[in-house]
Each structure stands twice: as structure tokens, then as C-alpha cells.
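In this text, all values refer to a predicted model and were calculated from it rather than measured experimentally. Per chain, numbering begins at 1; letters A, B, ... match sequence-line order.
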Number of protein chains: 2
Amino acid sequence: MSSTEFTKRLLTYRLSLLHLQEIGLNDVYSHLIAGETGFSAALIRKDFSRINVKGKRRGGYEIDVILQAINNYFGDDKVSKVILVGMGNIGSAIARYKDFQNQKLRIVAAFDIDPAKQRKKFSIPVYSMGKCQEIIYCYEIEAGIIAVPAFSAQTVCDRLVYCGIKGILNFAPVNLKVPEEVYVSNVSLSNELRHVIYHAKQNK
Amino acid sequence: MSSTEFTKRLLTYRLSLLHLQEIGLNDVYSHLIAGETGFSAALIRKDFSRINVKGKRRGGYEIDVILQAINNYFGDDKVSKVILVGMGNIGSAIARYKDFQNQKLRIVAAFDIDPAKQRKKFSIPVYSMGKCQEIIYCYEIEAGIIAVPAFSAQTVCDRLVYCGIKGILNFAPVNLKVPEEVYVSNVSLSNELRHVIYHAKQNK
DNA sequence: TTTATATTGTGAATATTGTCACAATAAATT
DNA sequence: AATTTATTGTGACAATATTCACAATATAAA
Ligand SMILES: NC(=O)c1ccc[n+]([C@@H]2O[C@H](COP(=O)([O-])OP(=O)(O)OC[C@H]3O[C@@H](n4cnc5c(N)ncnc54)[C@H](O)[C@@H]3O)[C@@H](O)[C@H]2O)c1
Ligand SMILES: NC(=O)c1ccc[n+]([C@@H]2O[C@H](COP(=O)([O-])OP(=O)(O)OC[C@H]3O[C@@H](n4cnc5c(N)ncnc54)[C@H](O)[C@@H]3O)[C@@H](O)[C@H]2O)c1
């Protein structure tokens with residue numbers, strides 16, 4: 001299995017490359033990307049070699065070619081469909097997030113137990129949990145975002161897993177228990193902040 | 001410098017330990033935490049040893065002792081103060097987030113260029129960027145959260161760095177450029193989702 | 001008390017990840 | 001055309017992280 005550091009780097013490269021492309025560049029040298037991203041030039045070349053990106057000796061790499069290879073690696077030439085559970089503070093903010101469209105990510109539907117929230121919002125329909133299974137099957141949903149309070153996160157998670165979801169992005173401050181074949185990524189703002197503060201202190 | 005994987009694991013342990021404590025446990029074995037978090041028992045023991053947590057042979061570890069050591073590692077016995085720039089969708093959601101209080105994290109002030117947003121919101125005062133330097137100094141702010149659109153993220157970042165901020169939690173989809181002594185952690189929902197979808201596909 | 005059992009703590013072995021150094025090579029310059 | 005220069009691509013090496021294996025040891029059971 002490929003390391004998560006490697007896949008994260010690819011996504012970091014993509015961000016920088018899109019930026020460089022926007023300001024008019026067509027080609028890049030590994031050292032330039034190193035300057036942009038903070039990774040070493042040698043590591044970047046190794047990574048590119050791993051996804052079969054060839055440069056021209058002394059000529060650098062074509063941005064288009066790299067971006068294509070990264071997209072290909074993630075298999076995101078077609079739109080990936082996801083659902084969102086919990087339309088509270090953070091759920092609504094995510095539902096309103098426009099960048100997903102550029103990224104070929106689409107939130108097809110949202111769910112909430114609160115009937116007051118069960119109506120279309122920001123162009124995304126909000127259903128009761130009852131509709132969950134049907135929608136996951138019909139739309140071939142690839143992942144679920146959990147944005148419910150901590151105490152109901154595991155229940156929601158079990159439900160999604162039961163409906164066949166294999167990837168979960170979890171905002172609740174809980175270590176979810178899932179079968180081996182399900183991948184969970186936790187986004188914990190508190191932990192991230194702690195982490196930042198810890199490093200900031202080192203650098204004082 | 002300690003690896004970021006190590007510090008992340010500590011925060012993961014904490015989450016599980018708090019949960020186990022809540023359901024009534026006082027002691028844990030490394031294997032139990034392994035089951036909760038997915039890390040191997042040996043690794044957990046090594047990590048504990050690294051932060052000077054001693055268990056009792058055959059008796060396991062005391063949850064209190066571990067939690068104390070983790071808190072101590074992060075130096076969060078006192079409240080850490082942070083600021084938030086950008087009170088749009090995501091910024092407001094963060095400002096409303098109550099969990100920070102339990103975690104001894106406090107958002108002391110927020111900033112926004114939009115005058116309409118410059119009033120107290122959810123008990124956090126919202127200022128114009130002009131007040132930024134003063135507040136960072138007066139309150140001894142330890143980190144900044146950036147939640148502004150991508151095109152102004154670097155500008156805001158430069159400003160914070162100029163005011164002495166050494167740690168940044170960045171939500172904008174941009175690889176920020178900072179001096180070496182500043183630590184940046186990027187939270188990219190699109191990237192996280194991509195990552196989840198990638199792994200989900202592997203497990204189909 | 002003796003024996004069996006379960007768990008920690010850690011050195012050694014292994015695996016993984018990243019860096020270094022440089023040959024290969026294409027482009028630019030003279 | 002010959003020479004210089006800059007960059008890729010990669011094998012060898014170094015560093016780091018993780019697992020393995022088991023001695024040390026405390027508790028429980030007989
Ligand atoms: N607000 C933030 O900035 C923030 C940041 C990080 C993490 N989080 C975490 O994200 C989660 C949501 O936070 P929030 O501030 O949006 O909370 P919130 O209370 O505003 O929203 C939670 C939503 O989930 C719904 N819900 C509750 N139980 C449900 C269930 N069983 N099935 C479906 N829907 C259910 C509620 O009706 C509500 O709309 C929490 O776990 C929180 O800790 C929030
Ligand atoms: N909404 C999401 O779920 C989400 C998720 C991930 C990342 N993001 C990123 O977070 C950032 C904010 O997203 P959002 O949806 O909250 O956007 P938004 O447009 O709702 O909010 C941005 C806020 O920043 C303020 N602002 C703009 N320029 C500023 C400046 N120079 N100084 C101070 N304040 C300034 C604006 O007045 C506005 O209030 C974006 O970069 C976005 O890509 C958003």
C-alpha cells in the first residue's frame with residue numbers, strides 16, 4: 001500500500017502546480033516545486049518517477065503532464081459523489097463550499113435527524129436518515145462526510161458502513177471503529193490547532 | 001525534532017483515553033488502546049516510554065497518568081490563545097465551535113475586512129485587520145487560523161507573520177510561503193476527501 | 001508458597017522513507 | 001563542432017520509524 005505521505009505530497013504538488021499554471025507557466029523544474037512546497041527536489045523527482053512522469057533532461061517537466069498523472073493516480077477524471085451527514089455549523093459550511101465543484105467532487109445529498117433542516121439548502125437536498133441507503137445505492141456514492149455531534153458519530157458511521165460506504169471523512173472528535181476495509185480520515189480542528197501551537201512554541 | 005506522526009498519535013491516544021475514562025475505566029493495557037486506535041501495542045508502549053509514562057508490569061497504565069503526560073508534552077495546562085481571520089462560512093462555523101473550551105483553546109478575537117462582519121459574534125469580537133498587531137501583542141496570541149478566500153490568504157499570512165505569529169492553521173487551498181521559523185498546517189477538505197475516496201476505491 | 005499467566009519495557013531486527021551523489025543527457029554557448 | 005551548463009533519473013546510502021521477541025516482573029491461581 002502506498003504511504004499516505006506520498007499521496008499527500010501529490011495533492012500538495014497539484015495545488016502548487018495549479019497556481020503556477022495560473023500565473024502563466026507551462027514547465028517546471030523539480031527545484032521550483034521544491035521552493036513552492038518545501039519538499040526536496042530529489043524527493044519530488046522520485047515521486048514523479050513513481051507516477052510515471054518523465055521530464056526532459058535539462059528541460060524540466062510539463063505541468064500538464066504532471067497534473068494529468070496526478071489526476072490519473074487518484075482516478076478523478078470523472079466526478080466523485082459523496083454525501084454529508086449533519087447540517088449544523090460545520091455541515092452547512094461544507095455544503096456551501098464552492099471549491100468542490102472545480103475539484104470534481106460533488107455532494108449529492110445531505111442528511112440530518114432534525115426535521116427543520118430537511119429541505120433543500122444551497123442546492124443540496126437534505127433528507128432524513130431513512131433515505132440514506134437508497135441514495136447511497138442509486139447514486140453510487142463513494143464516500144461520506146460525518147459532521148454530527150460526537151455522541152452520535154459512531155451510530156451514523158455504523159449506518160453508513162452498513163449501506164456500503166468504504167470511505168469516511170469524520171469531523172467528530174471520536175476515533176471511529178470500522179471494519180478493516182473501510183478507510184476513515186479524521187479532521188480534528190482541536191488536534192490540528194494543538195499541533196500548530198506545539199510547533200509554534202518550539203520556534204519561539 | 002519529534003516526528004509529526006508521533007505527536008498526532010499522542011492526540012489520537014488522548015481522544016480514546018478520554019472516551020474510555022468517560023465510560024468508567026481507570027486503567028488500560030497497551031492492547032486495549034491498540035484496539036481503539038489501530039496502532040500496534042508495541043508502538044504505543046514505545047510512545048509512552050518516550051513521554052516517560054510508566055505502567056505496572058502486568059498492571060497496565062493509569063489513564064490519568066497518560067493524559068497528564070500528554071497534556072504536559074503539549075504544554076497545555078494553561079489556556080492557549082489564538083485568533084481567527086475570515087468570518088465567512090467556515091470562519092463562523094469555527095467561531096461557534098464549543099469543543100475548544102474543553103480543550104483549553106480560546107479564540108480571543110476574529111478579523112474580517114468586511115465591515116458588516118465587524119461586530120461581536122458568538123461571544124468573539126470581530127475587528128478590522130488594523131487591530132491585528134495590537135491584539136496579537138496584548139493577548140500573547142500563540143497561533144492564527146486563516147479562513148479567507150484563496151487569493152487573499154498569502155497577504156493575510158504575511159501580515160500575521162509580520163505581527164510575530166509563529167503557527168498558522170490554514171484553510172485556504174494555497175501552499176503558503178513563510179519563513180523557516182513559522183509552522184503552517186494546511187487543512188484542505190478537498191484533499192482529504194480525495195484521499196478518502198482514493199482509499200475507498202482500493203477497498204472496493 | 002509455588003506455579004502459571006499476563007503485561008510492560010526495550011534491544012535487536014526489519015521495513016520504510018528520504019537524501020546524496022553522480023552518470024546520462026539535452027540544451028545553450030562559444 | 002566542441003564545450004559548458006543545467007537538469008533529470010536512479011542506485012547506493014543514511015536516517016527514521018516500526019515491529020519483533022523476549023527478559024523482567026507483577027498479579028492471580030493453585
Ligand atoms: N463547528 C466546528 O467548527 C467544528 C469543528 C471541528 C469539529 N466539529 C465537530 O463536528 C461535529 C458537528 O459540529 P457542529 O458545530 O456542526 O454541530 P451542530 O450541533 O451545529 O450540528 C450537528 C448536526 O447534526 C445533526 N444530527 C445530530 N445527530 C444526528 C444523527 N444521529 N443523524 C443525523 N444528523 C444528526 C443535528 O441535527 C445538527 O444539525 C461535532 O462532532 C463537532 O465536534 C465542529
Ligand atoms: N466553506 C468550507 O467548507 C471550506 C472548506 C475548506 C476550505 N475552505 C476555504 O476557507 C476559506 C474561506 O472559505 P469560506 O467558505 O468561509 O469563504 P467566505 O467567502 O464565506 O468567507 C471569507 C471571509 O473572509 C473575509 N476576507 C476576505 N479577504 C480578507 C482579508 N484580506 N482579510 C480579512 N478577511 C478577509 C471575507 O470578508 C469573508 O467574510 C477559503 O479559502 C476556502 O477555500 C472553505
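A/K8 has its NZ atom 13 Å from the P atom of C/dT17, to the nearest Å. For B/N52 and C/dT8, the CG to C1' distance is 15 Å, given to the nearest whole Å. Nucleotide D/dT8 holds its C1' atom 12 Å from the CD1 atom of A/I66, rounded to whole Å. Distance B/R45 CZ to D/dC22 P: 14 Å, rounded to the nearest Å. Counting to the nearest Å, the P atom of D/dA17 and the CZ atom of B/F39 are 14 Å from each other. One atom, CG of B/D27, and another, P of D/dA28, lie 11 Å apart when rounded to the nearest Å. The separation between A/R57 atom CZ and C/dA23 atom C1' is 8 Å, rounded to whole Å. We find that NZ of B/K54 is positioned 9 Å from C1' of C/dG9, with the value rounded to whole Å.
In the set C/dG9, D/dT18, D/dT8, the nucleotide with an atom closest to the side chain of B/Y61 is C/dG9. Across C/dA21, C/dT7, D/dT8, the shortest atom-to-atom separation from the side chain of A/A42 is found for C/dA21. Closest to the side chain of A/L43, from the set C/dT19, D/dT7, C/dT8, is C/dT19.
Aromatic ring pairs are classed by plane angle as parallel below 30°, tilted from 30° to 60° and perpendicular above 60°; the pair A/Y73 and B/Y198 is parallel.
Contact annotation: B/Y29 does not reach the phosphate of C/dT5 (side-chain N/O to OP1 or OP2, under 4.0 Å). Residue A/R58 places none of its side-chain N or O atoms closer than 4.0 Å to OP1 or OP2 of D/dT4. Between B/S40 and the phosphate of D/dT19, there is a side-chain N or O to OP1/OP2 separation shorter than 4.0 Å. Between A/S49 and D/dG9, a side-chain N or O to OP1/OP2 separation shorter than 4.0 Å is absent.
Residue B/I94 is tested with B/N89, B/I124, B/I145 for a side-chain contact (heavy atoms from CB on, under 4.5 Å); the sole match is B/I145.
Here B/F6 lies out of heavy-atom contact (under 4.0 Å) with every strand. Using a 4.0 Å heavy-atom distance criterion, A/F48 is classed as making no nucleic acid contact. At the heavy-atom level, B/K46 lies under 4.0 Å from base atoms of the strands shown.
Judged purely by atom type and a 3.5 angstrom limit, B/R14 has no side-chain atom pairing as donor or acceptor with the backbone of B/R9.
For B/K166 and B/E142, the salt-bridge test fails: no basic side-chain N is under 4.0 Å from an acidic carboxylate O.
Crowding of B/Q101 atom CD: a count of heavy atoms from other residues, nucleotides or ligands under 6.0 Å not exceeding 12.
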